[in-house]
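Data first, discussion second: the structure below is written as C-alpha cells.
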Amino acid sequence: MFITIPAVFSQIPGGQLLMIAFFVLASVAATGAVLSLMEVPVVILHERLGLSRPKATLLTIAGLVLLG
C-alpha cells in the first residue's frame, strides 16, 4: 500500500492531492476499525466485572500495550 499506491497516484494528474486524501481516509478507516475491535473487551470488563467504562478502557489499552 505504501509503495504501489504512491506510484500509481504519481502517474495521475493531480495525484498528490488524491494521494493525500487517500491516506487521510485510510487512517480514519483504520482508527475506526481499531476502536470497534477495542469495544468488545471494554464491554466485557464493564458488564461482567462491573468496572467503569474509563477503567475498562484503560485496562484494555494497558493489556494491548503489554501484548504489543
Side-chain angles (χ1 to χ4, degrees):
M1 180 168 126
F2 296 106
I3 294 171
T4 306
I5 296 293
V8 170
F9 280 126
S10 69
Q11 302 294 320
I12 301 171
Q16 291 283 18
L17 291 175
L18 291 173
M19 185 170 39
I20 290 169
F22 174 80
F23 283 115
V24 167
L25 292 173
S27 66
V28 169
T31 302
V34 168
L35 288 176
S36 70
L37 289 173
M38 280 186 56
E39 184 64 20
V40 174
V42 169
V43 168
I44 289 171
L45 291 171
H46 175 65
E47 291 182 358
R48 293 190 182 168
L49 298 181
L51 295 174
S52 67
R53 283 191 65 86
K55 286 182 184 178
T57 302
L58 289 175
L59 189 60
T60 301
I61 291 171
L64 289 173
V65 168
L66 289 174
L67 287 173

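Within the 3.5 Å criterion, the main-chain N or O of Ala33 finds a donor-acceptor partner in the side chain of Ser36.
Through side-chain heavy atoms spaced under 4.5 Å, either directly or across other Ile, Leu, Val, Met, Phe, Trp or Tyr residues, Met38 is tied to Val34, Ile61, Leu64, Val65. Through direct or relayed side-chain contacts under 4.5 Å between Ile, Leu, Val, Met, Phe, Trp and Tyr, Ile3 connects to no other residue. In the hydrophobic clustering (ILVMFWY side chains linked at under 4.5 Å, chained through shared members), Val40 is joined by Ile44. The hydrophobic cluster containing Leu51 also includes Leu45, Leu49, Leu59, under a criterion of side-chain heavy atoms closer than 4.5 Å among ILVMFWY residues, counted directly or through chains of members.
Heavy-atom minimum distance, Ser52 versus His46: C-ND1, 3.9 Å.
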Contacts table for residues 10-26: side-chain donor-acceptor under 3.5 angstrom, sequence neighbours left out:
unit_1 : atom_1 : unit_2 : atom_2 : d
Ser10  : OG     : Pro6   : O      : 3.4
Ser10  : OG     : Ala7   : O      : 2.7

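Qualifying side chain to side chain donor-acceptor pair (under 3.5 Å) partners for Glu39, counting only residues two or more places apart in sequence or in other chains: Arg53.
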